[in-house]
Each structure stands twice: as structure tokens, then as C-alpha cells.
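Throughout, protein chains are lettered first and strands after them, A, B, ... in sequence-line order, and every chain is numbered starting at 1. Every heavy atom of this structure was used, including side-chain atoms; hydrogens, water molecules and symmetry mates were not.
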Amino acid sequence: MLKALASQFRTLWTILQHSFTKAETVQYPERQPYLAPRYRGRIVLTKDPDGEERCVACNLCAVACPVDCIALQQGVKEDGRWYPEFFRINFSRCILCGMCEEACPTYAIQLTPDFEMCEYDRKNMVYEKEHLQIEGTGKYHDYNFYRVSGLAITGKDKGQAQSEAEPVDVKGLLP
Amino acid sequence: MATIYIDGRAYEAEAGENLLQACLNLGLDLPYFCWHPAMGSIGACRQCAVVQFKNAEDQRGRIVMGCMTPVTEGAIFSLAGDKAQQFRQNIVESLMLNHPHDCPVCAEGGECHLQDMTVMVGHRDRHYRGRKNTHRNQYLGPLINHEMNRCITCYRCTRYYNDYAGGTDLAALASRDHVYFGRHQEGVLQSQFAGNLVEVCPTGVFTDKVLVHDYTRKWDLQSAPSVCVGCAVGCNTMPGERYGKLKRVHNRFNAEVNGYFLCDRGRFGAGFVNSKQNLFLPGLRQPEGTYDTLDHHQALHHMQQACTTGKVAGIGSPRASVEANFLLRSLVGAENFSPGFSAHEQPLVMEVLQLQQHTAAVIPDIATIESADAVLILGEDVTNTAPRIALALRQSVRNKALAMAAELGLQPWQDAAIRNLAQDQRNPLYITSVADTPLDDVAEVAISLAPNEIARLGNAVARNIADEVNQLPDEPLRSQVDAIVTMLMSAQRPLIISGTGCGTSTITTAAAQLANVLCAKGKRAMLCLVVPEANSLGQAMLCDADAPDLDQLQHRATSGEFDTLVVLENDLYRRGTNVQIDALLAAFNQILVLDGMDNPTTSLATLALPAANFAESEGTIVSLEGRAQRYYPLFQPTAERRPSWVWLLACLKELTHKDVEALHHFDDITRACANAIPALSGITAAAPDHHFRNLGQKIPRQTHRNSGRTAIRANISVHEPKQAVDEESPLAYSMEGLNRAPPGALLPFVWAPGWNSNQSLHRFQGEVGGPLKGGTAGVRILLSGNPSPGVSNYPEKEEPAFLDMPQGLWLLVPRQQIFGSEELSALSPGLCELVEDAYIEICPADAKSLGVSTGDGIMVGNSLATLEVRINDAVAQSCAGFSVGLRGAENLEALHSVSLQRADNWRRRTPKPSSEEVIGSDRTLNSEALTRGTFRQRSARKQSTLPEGPHV
Amino acid sequence: MSELGTITFGLFIIVAAVGGAAVLTWFERRLLGVWQDRYGPNRLGPLGVFQVAADMLKLLTKDDWIPPFADRPVFVFAPTAIVVAMLLGFAVVPFSPDLYLLDINIGLLFFLGMTSLAVYAVLLGGLASNNKYALLGGLRSAAQMVSYEVFMGLSLMGVVMLTGSFSLRAIVEAQRDLWYCIPQFLGLFTFIIAGVAESHRLPFDLPEAEHELTAGFHTEYGGMKFAMFMLGEYLGLILISCMITTLFFGGWLGPWLPPVVWFCLKVFIIICFFILLRAGIPRPRYDQLMTLGWKIMLPLTLFNLLITGAIALWLEG
């Protein structure tokens, strides 16, 4: 009992001592905090080094999203690439967990160190593809999915992807 | 049963079945690729390796293939042993050496058996640093996408396509690591069952091309148990929806109906659900011919007014559900309700029902058809009218091989061995039809005759079997009659197939007669009569025998009896010539049309009501074997679209009709219908009613991984609406609920932990390949096998005469098309590209006399139609085959005599590549037959026993 | 003092108390900030002092909403009751030898009576809200007040015994030699705890425990009515501090400085101590609260009374 009482007084004394310590608070926005490049903020869609859309509409980000705030529809371009006909992120639901970025097999979807995206109207938090798409490659500069993948597109035929042999001639008779 | 030991535990397994199957039955995960429950084992992929020990002392054991190892008493295996696991992992690694790293852009991703198996064995890194083999893809038509790089050479595709479905234009080409699965040249896959490659291929080599261009992953699809409305077989399907569009159709296993496979009409023919011609708002016709849109309150008001002014007649539809037809019948009264068949077709279907109700023979389901040991087809081109039956027939002729295997003690799953053993030996299949059919290649004999002659042949066979003295002048058919009698009498389970496809009831009667005679002779005869549409038989059951047909309706309307006509989901212009239907519709003051799509009939409606199609509504339909099955909506109709039963029930309630007071739910209507119509009394058992709960929970339409819920509608409103509640069924429009061993009629999709592909089905089956745990979908309401096999208790009919056409006249005989003859499937994307132009088919002799060659135009009758001519040496002489249901042939009526003449100003079209040109197969037909009764022999094997073409 | 002077002084006290309570909201948040190594309100005006004005503006302009399911008259009456009761309590506080509103011989009892009235406000507010959280908050508050009321009065009896009067001025005068915080340290200890509980401030704010009851008895309150409750709470805090100063720390007594300044200084320090309690001590469980009240504080108070009585008798005798 007395011990408990003493503990209360010790607490009070410790707290009283804090009268002389400095506040930890950072005065944002006068002082901007340092955000690491891999900080998980606003989501963007990037382009590959050749300036083509990286997103292939594989739907993995959407299924990885724990709050189900990503919706998209796949389409096929003239040149054979898959692309999202629409790509929508409802940021009013997004929890910036970064699961979509981890799931993305093409480095298309990336989180950026920008978190200042408040709106007075919730509907402005719904970002469509044109709001998400940026021109650059984001954090990963060299990766181009179609150079690795076996799918043929205009300008990259079968056998021209990374470590691929020339297409087999089925009618060849050589062993 | 035998006791086997797997990893030290004792299990009970069926002796003789293969170990892989046994493991899957026991719920053990053993990876595999080449084995398929419907196609047996060949041991090609080496994936199901297990270690087998000689005895309890044996510590080393040896690796055996699970799928090739029969279960024997006391056998000891190890699945989890390091050796077996390492072996399996190495196999996957080697299969993955050339895999192209394109899962994100592969339509199989997320439901890929290869993905599942790779995860199951734990393979992760590709150690080999060499280069990957690549292949060029082929164009395989508008339905199937080819991506050969993904192939793991399991040979399932060719085994299915060639061995199971009888295709000839897909082959394994080249050798060793150059093996290529494709056609010898690019072109449309010719098999009517090619679509199953999508499900058979364990990876993404063959994918649904329509889906690839508007893709949604399996986990995002909202699915519901459905029934194919493409023909009367009633195959079970699992269509998938996303963003309000039907994306694809997958097979829903039903042990008694479609098993593992669908036809291409069923798989690719549901795209009309997304048609641009869909109606979304009710339209009220204005005097100037335009339509004002209404909301459903206004529409209902107009509907009710129309139904109270004057007397109302109704035309139902054999493609609408039993319930909708029943409500319309209640609305207008039974005596004013026409079932909606064409005037010509109505007596045919009615008679088919009668024949089936009174036959002593078994009315077989598809699985039973596969068990037949001798088949006689009378007139029906089943590949094009009820395609799934044709696939079953291809299995039935294999029973010979299975019987031979059984003699040698081979297990039925030893696929390669049995095929080697049997080579070309098959059970007899005897085809009579008006021209060649795609089944001819497995037929012992295929013979072309005019419809009446087919009936005559059937009658002669029946009489001969009944030991009656054959006094009829059947001389030209004598040898055929004898051959068929021998064939049928030496069989135990003979199957007679016929149907309405030829347009005459003489054939169906003959078939039923024959089946009865066989039963009287102690055979377990089967009788399968094909009807044209998904609910034709249900419609026949609903209507009295004297229900007015379209002609009678027109007469009564012209005499001023009716004011208003209500048409239910029926494009009447497909039910008669334009003149007939114009006259019919002109006889009414008001025409109410309920239909989902704009068509010639809706554009004459005074009030058009948008009706939901099969994907948006529930309904019961009765298949040709008399199986009542329920389909469920996979998504809710938008705008003012409502299921027909909702419109009609609301209208009946507005009219305060006494019969409908107690009806609120869909199930109430089904029950009311079962109570009112004795023939349909069984339909309530087709599926559990809406109170059903699976272990206390609803059954979800969405997978548990369904994504994007908070973003799909976010562009419209960020406030997510409440999940839609389905009050009409035990299914939920969400991922909430339990999809574990639900009743077969309520299985919306298949998925099991670790099994994302359709191979997860075995987790829903009692035993692999067997019926679903929850029971087989549907209920047989046509009880077959009349216990008292009376001999012919059918009314005697006049013996049909031989065809004797006057010079210059031809008998129009219907030629059915799997793509195009059915109204709605022909409007589906992809499949519509395969719908051919309407044509007239005549034999070379007739062509010569008319002076036409293939591609010329021919004018039929007094400008009934001008169509392209095709020369086919398999068409009976004096018969002219015409493509049923295709655009341009609307005014042609089956079995009418018409004159033909060359159309001089016909513009010759660029000929499409015909199947013959593309395939170059061994289907070279014997063109020596000169007269009517054109023979086609598949190979030389029967040539010696066949006479020269018979003469009349 | 003249009649007019009394009225003027009364009004002055009301304004000062209310204004003090308002500023106290800001001051408390700043002080908590200091002790918790942060800033507290610092955006409006120097040191964020205009936050008070902003808060008032906000509360004043808020919709004066009464839930349709509430008991309307009681719902409106409850917040006023607490403010009025607390303000009346100030009437007996002697700020300096000649600066007081009322010197009655039952001053202490009057004060106890007024603080006890506050329980009605909380209970009625909880009942009238017709909300389960509010009801629970109100009930807790009633039980808590009843429990702590008992020894709150008793804890002061030692002071009364030593002084021989209920008059607060007399009590202050009696401390000229020794502040009662020395002989009556047990009384002081129990009175502080009872005072905290009476004004249901942290750590004894169970009637409005956010984690369990959203906001307890004032869940349904908003705008000015909510502000009245808060005002009542802060007035209670000041009042209790005044009483502690008066009863235990010699009131206005002190060298060099004018008496009223001494008084204010002492009150200020005690308020700071209350805030320190809030910053440092966690909220007990409800059963712990009750155990503390009945099983520890009440015996302790009685023991104090016994000892004090004995000593008083011994000194006299």
C-alpha cells in the first residue's frame, strides 16, 4: 500500500522534472521532416525506361490491398501490351501499407514520400489513372518487364527477351 | 477396399484405382499435370512421383509414378519422403526452365495449375543459367488464344483434343525440347469442343481469347451456378461477372450431365449478355413510331392497362424459364397461351414429350449415353443441335476398348495402353442423316437419306426386330436394315438417338417405336430425343396438348377475339416466315414484348419491357432428358431491367389476380407452378429454396479474395453502398458465406486452399471424378423406363413414303450449325466471327443439272431467298440442305418443296476457308455414291461389307 | 461592505471565476505539454493564449442541438446546475481578511453543500440524455460522489475541531501560528483525493471515461451545454483549490505581500498540483476507486478524526 503510494509520488516527481526538458515536437510545417525515399506516401504509377506504361493490369496490387481500395480493368494495346483501361485508387480508404508495391511484379506501382494530400471533399481523394501516372521510373530505374517476359510485343519478338533463345523452327529436321 | 500405408499411416483406398487418385480422394496433396480424371493416366509428366517400398524392411524404396501405380493391399508409399519431394521439385524446376516469366500478363494467372503445383512442391529459384526455348504462337481462331512458350509438354491438350474429342487438327509437332502443340498451319480449331482446352491445359498455353481482351482474374469474378441456354442438353456452367459484364463461362461439374466438358457454343455463346442491343428502359411506342422511355412504375401501369383492355393472348418462349412462362400463362389463361414454338415445331416437341412419357426405354443422361454399346442415330445431327451429346457418343464408342481392356485385366485409367490395345476398334455407331455430320469419323456407317426415308428405315428395323415379316418394298435399304438389326440385337445397352432437327415427327416416332421394340426384346434400350431449345421440353410440359400454336392464335386474333398480345422473351421472326409473323402481329392492337435485347419483334412492340437474361435472373429450365435445373443470377440487372417473372408477377398483382396473392418469392412461383401443372410437379426439387443455408451460412458468389470493393464505385460516389441482398436464393452477392461442399445446384465456383485452378474440383467431389459431395444438380422430372414395356403403344402412323420429287423441285432439309443456328449465342463476341453466311447445300449431280458450282448464288423458290450454294456429295439427291437460323434463310421452311435456280446477278463472295481446305484430314469421303442414299464410309475397313450405293 | 459593493464584488468574482476557468483550459493544456515534452496549443497569439477565444467562439457558434430522444427540460437544466452550484460555492471563500462575499458561521458546510449539488447535474445529465453511455456515466458519478462525499466532510472535521468554528475566516485566522497542513496532513491528503473525485477530474474521471463510455454523462452534449459542463469542472477545480488554500495553507496569510496575492499564489500552486496529478497518475479501475474510497480513505479519515479529537481534548484538558 505504502509502496504503491510511494510509486505514485515518484511518478509525480519524475513528471515534474520534465518541466526542464525540451519539447520533442517538430514544428511542422515550418520545419519539414526528413522522409526516406522509401517512405510510404502517395501512390504513383511509373513508366519504364523507354517511357511506356509499366502497369500490365495484372491485378496483383488490387488483390493484395487489405482495404480493397484499388480497382482496375485490363485491356490489350495494339502492340500486344497489357495495360489498365482504368486504374482507380480510393485514397480515402488507402492505409498506405505498401502491400501493392510489394505485390507489383513490374515496379509500376510505387509509394512516394509525399503524404500531403488532404482534401475538403472525400470524392477528391479518388485518384484515376491520369492522376496516378507519372512520367519517370520512380525508385527503380532500369527495370522493363517486357524485356524480361516472354510475351511478344511490337518491337520485341519471341526469343528477344532476356536469356531467350531464337524461336524453335518446328519444321526443322535437324536433331 | 485395400489398406495402404502412406508415410506410416494406414489408409483405406479402392483397390485397382491409381495411387494419385487415391491420394486425392484421401485429401492428400500430390502434385500432377498430365493425369485428368476424365482422361486417365499416361505417366508423361513425372510429377506425381512417390516412393514405394517393397515391404516394411525396405528402407530405400524406389520412385514410382502415382498415376501409374495401382493401389494394392498392403502397399507402402511415401509422399513426404525427401527422395520423392526432391524428385518432384526437380521435375517442376525442369518444367519451368523455359517458362517465360509472364504470369502477370497471362490469363491463366491466379487459376493456374502450374502455379499451384510449383508452390506445392516448393520450387523457387531457376538454377539453370542457359537460354530459354521459345516458340512462335499460332492464330487458332477468334475463341482460343495460343501462347506456346508457357507449355510444359504434359500432352493433355492433344490427348483431350484428339483422343477424347475426336479433333484432327491439333498435334504434337517436332521432338525433344522442340515439341510444339499446334496446328500444321494457322487457322481456326475445327473441333466443336476446342474451348475445353482452356480448362484442360494446366497452364496458359490455351486461354479464352475473348476473356484475354477484357480480362479479369478468377478471384475477382462474381460467379453463380448457371445452366447453359445454348441448347436443350442443359450443361451446368459457372459464368463469371465483373463490372456488370459477363467475362467468361467455365464448366460446372455435373456427374450426370456435362461432366468436365462443355461445347464451344456453351462456353463462348453467352457473350450476348453484354450486347449493345440490350434494352435497359421500358419503351412506349408513340404514334410516329418512336419510343418514349418509362420507369418501371409507369411501365407497370401501362402493362396493367393493356392487360385490362379487351382479351389478352400470350406467347411464351422455350428459351424463357418455366416460372416466367407459367406466370404469363396465368395472366392470359391456358387457352390463350401459346408456348412460342413455331407452328411447325410445336407438334414435334409436343410429340417428343409424349413419346418420352410413354416409352419403355431409358431416357439417358449424358453419363448414361457414354455407357451405350451400340448407337443408332436417326436423322439428328447432334454435334450441331445438342453438341455435348456428340462428345458423349465419342466416349460411348470407346466402350469396346474398355471391354477389351477389362478382359486383359487392364485398369480403365491406363489410357495409353487401352488406346494401343484397341487401335481403331470401336463400338458400332450408325448414323443416318440428311447429309454428313461431324460424328461421321467415328461412325461405322454414315448414310444420307431424306427425312422420311430415315423414318422408314427406323420402322423397318423395328419391324424386323419384332420378328415381323418384312413385306414392305424396302429393297434399297435392305442391307442397312439387316446391318442395324444385327448391331442392335448384339448389344446390351443400345441407344437410339433422334430429334426434331429434321423437322418431322415420323422420325422421332420411329425411334421411339424402335426403342420400345428393343425393350420388349429384353434389351436395356435407351431413347434420346433431342429438342431444339433450352426449355423446349419444359414448355411442352407446361402446355396442354391443344395449346394454340401461332397460326391458331393468328386466326383467333384476326377474328377479333384478342386485343392485346404479350410476347415473352421470344423473337417471333425466328418462329415463322416474315409474312406469317407480320400477319400475326398485325392482328393485335397492342403488343407487349418482354425481352432483354432489341430484335425485330421488340421493334414492333407498343410497349417493350426490358427483361433480364439468364445471367441476371433466376429460372428453372427442363433439359431434353427431362432434368429440371435452376440457374441463378450472377449479377443484378441494372437500370429498369427486371427478370420476366418480376414484371409478370408485378402485373398480376396490379390486376389483383387471385392466384398470385400468396406469391412473393421466386420459390413461391416454382411451387405454384409445380402444384398447378402435374407434369412439372417435381421442379421444386431442382434446387434448394431460398431458406437453405450451408452450415448456417449463405453461399458466396465472390471468392474470398475479391478485390476493389471500396474503389469500384468510387468514381460515382465514395460512399460505398450496402451489399446487395439476394432474397431469392441461398447465394450472397458478396464474399461472405461458406462455399464448402454446397449442394451441386448451388456451386458458384471451385477453390480450395492450395488449389486455385479448376483442378480444385476434386475437393468438392465425393471421390475424384465422381458426383459432387453436395449432390448432383437438377432433378429428373421425366421418369424414364416405363416399368411395363408394352410394345408399340403409339398410334399407328401412315408409313412415310420414299422421296419422289418432281423434276425441278427440291426438298428443303434443315442443316443445323453449332454456331449460328441458335439465336442468342450467335450474337456473342468471338463466336459471331465463326457464324457462316447462309447457304444451300446440294449434291454434285444436282449442281451439275443446275449449272452451279460452289460459291455461286442460288435463288430458292419464288425469291424466298438467294443464297450461296455449296456442293456436298453427302447430301441426298433431290434434297437441298439449308442453314437453319442464319441470316438470309429466315423464310425457308423445313421439308417444303422449292424450286432452285441459278441466281445470275449473285456476287460471288470471297470463299471462306472451309474446314476441308484447312485441315486436310483423313475425312476424305467416298464420293462414288451416285444416287439418293449417299454413303460415306470413314475408312476401308467396312468397305467390303457395304454394298454399292443402293438404288431406288 | 455596502450593498452595492457586495453586488459588484459578487459580479466580479463570477467574471473572475469564469474567466479564470476559461484561461485554465489553455493553461492546463500548456502545462500538460510542458510535462509531456510537447507544446500544447501554441498557434494562436503569444504562447497560444488566444486558443481560449477560438475555443469559445467554436463552442458558441455550434449548433445548439438537443437529441430528439432526450428528456428536454432536464437535459437543459443539468449543465446550468453544475455551474450555478460551483459559482455559489465561491460566495464563502475569504480571499483576504476583508475581501469576501459572505462570512457565515456555517461557511464550510455551505461549501460542502454546494459541491454536493454538482452530483445532481451529472446524474440528471446522464439520465436525461437517454443514452446508455450517458446513463452509465451518470450512475458511476452518483456512486463516486456519494462514496467520496462521506469522508470529504469528515476529513475537514479535524480542521473544524482545531479551530472550533465552521467559519472559514475563523479557520484562516486560526492558522496564524501553524498552517493546518502540518497537524492535519492526513486530513489534507484525504481532502485532496476527495476533492479530485468530487470534481471528477483525472485520475478520477470515471463518469466520463473515454475508453469505456465514449464521453460518459455528457456523450449527448454539444456546443454551449457541453461548454457549461466543462466550465463547471474547471470552476470546481478552482473552488477546491481555494478551499485547500483556505483550510490547510493559511488562506491569505503570508509575509511581505498583500494577503490577496498570497491567496492567489497558493491557489495557483495547488491548481498546478492538480494538473500534475492529471499528467502523472493513470485512471484506476472502477472497483479500485470504490475500494480506495471505502476501505482506505474512510478509515484513514476516521483515524485522523480520532487522533485530532484526542489531541484537542488533551491540549484543552
Side chain of [X], backbone of [Y]: donor and acceptor closer than 3.5 Å?
| X | Y | result |
| --- | --- | --- |
| A/N90 | B/T710 | yes |
| B/R131 | A/S163 | no |
| A/E164 | B/K132 | no |
| B/S707 | A/N59 | no |

Which bit of [X] is near chain B, if near means a heavy-atom gap under 4.5 Å: side chain, backbone, both or neither?
| X | answer |
| --- | --- |
| A/R88 | both |
| A/E128 | side chain |
| A/C65 | neither |
| A/V126 | side chain |

[X], part contacting chain A, at a heavy-atom distance under 4.5 Å:
| X | result |
| --- | --- |
| B/R129 | neither |
| B/C106 | backbone |
| B/K245 | neither |
| B/D220 | side chain |
| B/V179 | neither |

Tell me, do [X] and [Y] make a side-chain contact under 4.5 Å, heavy atoms counted?
| X | Y | answer |
| --- | --- | --- |
| B/M148 | A/V168 | no |
| B/H101 | A/L151 | no |
| A/F86 | B/N715 | no |

Open item on the list: Around atom NZ of A/K123, are there more than 12 heavy atoms from other residues, nucleotides or ligands closer than 6.0 Å?
Closed with: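 Atom NZ in A/K123 is not crowded, with 12 or fewer foreign heavy atoms closer than 6.0 Å.
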Task: Choice from B/R242, B/H99, B/H135 maximising heavy atom contacts with chain A below 4.5 Å - done: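 Top count of heavy-atom pairs under 4.5 Å with chain A: B/H135.
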Open item on the list: If you count heavy-atom pairs within less than 4.5 Å of chain A, which of B/A174, B/C103, B/G130, B/S175 leads?
Closed with: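 Ranked by heavy-atom pairs under 4.5 Å with chain A, first place is B/A174.
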TODO: Show your working on side-chain contact (heavy atoms from CB on, under 4.5 Å) between A/Q74 and B/R217 and close with a plain yes or no.
DONE: CA-CA 10 Å; A/Q74 173 264 18; B/R217 299 250 175 240; over 6 Å; no
Open item on the list: We want to know whether A/Q73 and B/D214 form a side-chain donor-acceptor pair, criterion being a heavy-atom distance below 3.5 angstrom.
Closed with: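 Distance-only check passes for A/Q73 and B/D214.
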Task: Reported CG-to-CZ distance for the pair A/D157 and B/R136, which is rounded to 0.5 angstrom - done: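 A/D157 CG to B/R136 CZ: 4.0 Å, rounded to 0.5 Å.
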